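Quick notes on the structure that follows.
From a predicted model like this one, the values you see are computed outputs, not experimental measurements.
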Amino acid sequence: MAAASSPAAAITCRAAVAWAPGQALVMEEVEVAPPEAMEIRVKVVSTSICRSDVTQWQSTAQTDLFPRIFGHEASGVVESVGEGVTEFEVGDHVLTVFIGECMSCKHCVSGKSNMCQKLGLERRGVMHSDQKTRFSLRGKPVYHYCAVSSFSEYTVVHSGCAVKVGPTVPMDRICLLSCGVSAGLGAAWKVADISKGSSVVIFGLGTVGLSVAQGAKLRGASIIIGVDTNPEKQEKGKAFGVTDFINPEELNEPVQQVVKRLTNGGADYSFECVGDTGVVSTALQSCSDGWGLTVTLGVPKAKPEVSAHYALLLSGRTLKGSLFGGWRPKSDLPLLVDKYANKEIQVDDLVTHDLSFDDINKALELMLENKCLRCVIHMPQ
């Protein structure tokens with residue numbers, strides 16, 4: 001523990017830096033500052049590419065937040081700890097999380113929400129604590145993403161945005177639990193609370209949608225319909241519990257009509273996992289009158305407003321949003337890691353590619369071309 005108590009110095013390491021929206025990432029030597037109070041510096045072991053990394057990298061909405069280091073779905077080892085940190089020690093294995101849990105704000109103490117008021121979703125490219133960056137390049141700041149920035153050999157995160165995991169779980173697979181897989185399972189279990197024998201429709205069978213399907217299957221849903229324009233998702237869906245597959249491009253009628261026929265009037269639960277607000281309306285129309293629940297999980301690339309005919313809600317349907325599946329990172333994530341370790345949930349089959357850090361642009365291309373579920377980037381160790 002001597003290393004932890006002596007003040008840490010800045011580290012120079014490689015990071016994949018985005019210089020402009022949509023431009024290929026450039027390997028740069030960046031300086032990573034020591035952790036400030038209540039922060040930890042992490043040596044990243046594995047990071048997977050999430051669709052929201054790609055969406056934000058391409059987005060022109062915040063061009064002032066470049067150069068920037070993306071990445072948020074990651075696992076690593078604590079390299080040093082800042083003042084006041086008692087929860088972590090040097091050498092601990094951790095998952096990073098894009099929303100934190102301070103344990104003391106109104107939302108954290110409510111037990112009803114994961115919308116931490118101190119460590120919520122960070123959108124300004126800086127650290128929560130002092131609104132500054134911990135990365136610099138040739139003396140100029142490099143912006144963070146979601147206060148994680150795992151496309152770097154080392155990163156600094158708030159101790160409230162990390163979760164300790166056991167030293168034996170495979171780091172190159174549990175990184176998926178720090179976002180996508182947990183988001184899907186939580187939407188099924190925690191947000192929708194799917195009941196046995198129910199009918200479910202899932203729009204978008206990516207990592208999140210397939211995780212919803214897995215959650216529905218484990219809850220005993222009798223019909224699990226997967227909707228996707230990629231015909232290759234039909235076989236993948238089956239492996240995660242999908243019982244019926246619909247490709248909207250092969251239909252000559254609206255998707256919701258087919259769903260209603262398959263479910264005798266509408267699904268009990270529908271999930272929007274595409275990131276398209278138009279699909280939210282379709283999902284709402286696909287669920288049952290009286291009690292149908294639609295959960296939206298996707299992050300839209302365009303048109304953030306949701307529109308739906310008021311009669312859909314008047315007839316008893318509910319529309320609900322879900323961030324990170326409603327899980328509170330510190331309180332709940334260790335339970336999911338245990339489920340993975342006990343082989344109660346599938347994660348490994350969602351990894352379609354394992355690539356080296358030098359191939360990170362190839363991973364982004366695979367995601368853009370819809371040729372992967374999750375690419376795991378292995379950092380040099």
Just by distance, do the side chain of R317 and the backbone of C287 share a donor-acceptor pair under 3.5 Å? yes
I'd like to know if the side chain of D64 pairs up with that of Y143 as donor and acceptor (distance under 3.5 Å, no hydrogens or angles considered). no
Decide yes or no for L185 and S182: does some side-chain heavy atom of the first lie under 4.5 Å from some side-chain heavy atom of the second? no
Could you tell me if H107 and N114 have a donor-acceptor pair between their side chains, going purely by distance under 3.5 Å? no
R219 and D193 ion-paired at < 4.0 Å: yes
Got a list of side-chain donor-acceptor pairs under 3.5 Å for residues 125-132, not counting sequence neighbours?
{"residue": "H128", "atom": "NE2", "partner": "G120", "partner atom": "O", "Å": "2.7"}
{"residue": "S129", "atom": "OG", "partner": "E39", "partner atom": "OE2", "Å": "3.0"}
{"residue": "D130", "atom": "OD1", "partner": "K132", "partner atom": "N", "Å": "3.0"}
{"residue": "D130", "atom": "OD1", "partner": "R134", "partner atom": "NH1", "Å": "3.4"}
{"residue": "D130", "atom": "OD1", "partner": "R134", "partner atom": "NH2", "Å": "3.1"}
{"residue": "D130", "atom": "OD2", "partner": "R134", "partner atom": "NH1", "Å": "3.3"}
{"residue": "D130", "atom": "OD2", "partner": "R134", "partner atom": "NH2", "Å": "3.1"}
{"residue": "Q131", "atom": "OE1", "partner": "R124", "partner atom": "NE", "Å": "3.2"}
{"residue": "Q131", "atom": "OE1", "partner": "R124", "partner atom": "NH2", "Å": "3.0"}
{"residue": "Q131", "atom": "NE2", "partner": "M127", "partner atom": "O", "Å": "3.4"}
{"residue": "Q131", "atom": "NE2", "partner": "H128", "partner atom": "O", "Å": "3.1"}

Between CD on residue E365 and SG on residue C375, distance to nearest 0.5 Å: 10.5 Å
Answer yes if V77 and V165 sit in the same cluster of Ile, Leu, Val, Met, Phe, Trp and Tyr residues linked by side chain heavy atoms under 4.5 Å apart, and no otherwise. no
Report yes if the distance between the aromatic ring centroids of F151 and F70 is under 6.0 Å, otherwise no. no
Is there a donor-acceptor contact under 3.5 Å linking the side chains of S286 and S270? no
From the options S288, S198, S195, S199, select the one residue that forms a side chain to side chain donor-acceptor pair (under 3.5 Å) with D268. S199
Solution key, residues 208-217 side-chain donor-acceptor pairs under 3.5 Å, sequence neighbours excluded:
{"residue": "S211", "atom": "OG", "partner": "T207", "partner atom": "O", "Å": "2.7"}
{"residue": "Q214", "atom": "OE1", "partner": "Q346", "partner atom": "N", "Å": "2.4"}
{"residue": "Q214", "atom": "NE2", "partner": "Q346", "partner atom": "O", "Å": "3.1"}

Do E272 and T296 have side-chain atoms, one donor and one acceptor, less than 3.5 Å apart? yes
I'd like to know if the side chain of W19 pairs up with that of E28 as donor and acceptor (distance under 3.5 Å, no hydrogens or angles considered). yes
Paired with I224, the side chain to side chain contact (heavy atoms under 4.5 Å, CB included) test is passed by just one of I194, D244, I202, V201, namely I202
Ring-plane angle category for F135 and H144, please: parallel below 30°, perpendicular beyond 60°, tilted otherwise. tilted
Does the ring center of Y145 lie less than 6.0 Å from the ring center of H72? yes
With sequence neighbours excluded, what pairs up with K43 under the side chain to side chain donor-acceptor pair (under 3.5 Å) test? none
Between K371 and L366 (side chain of the first, backbone of the second, donor and acceptor by atom type, cut-off under 3.5 Å), is there such a pair? no
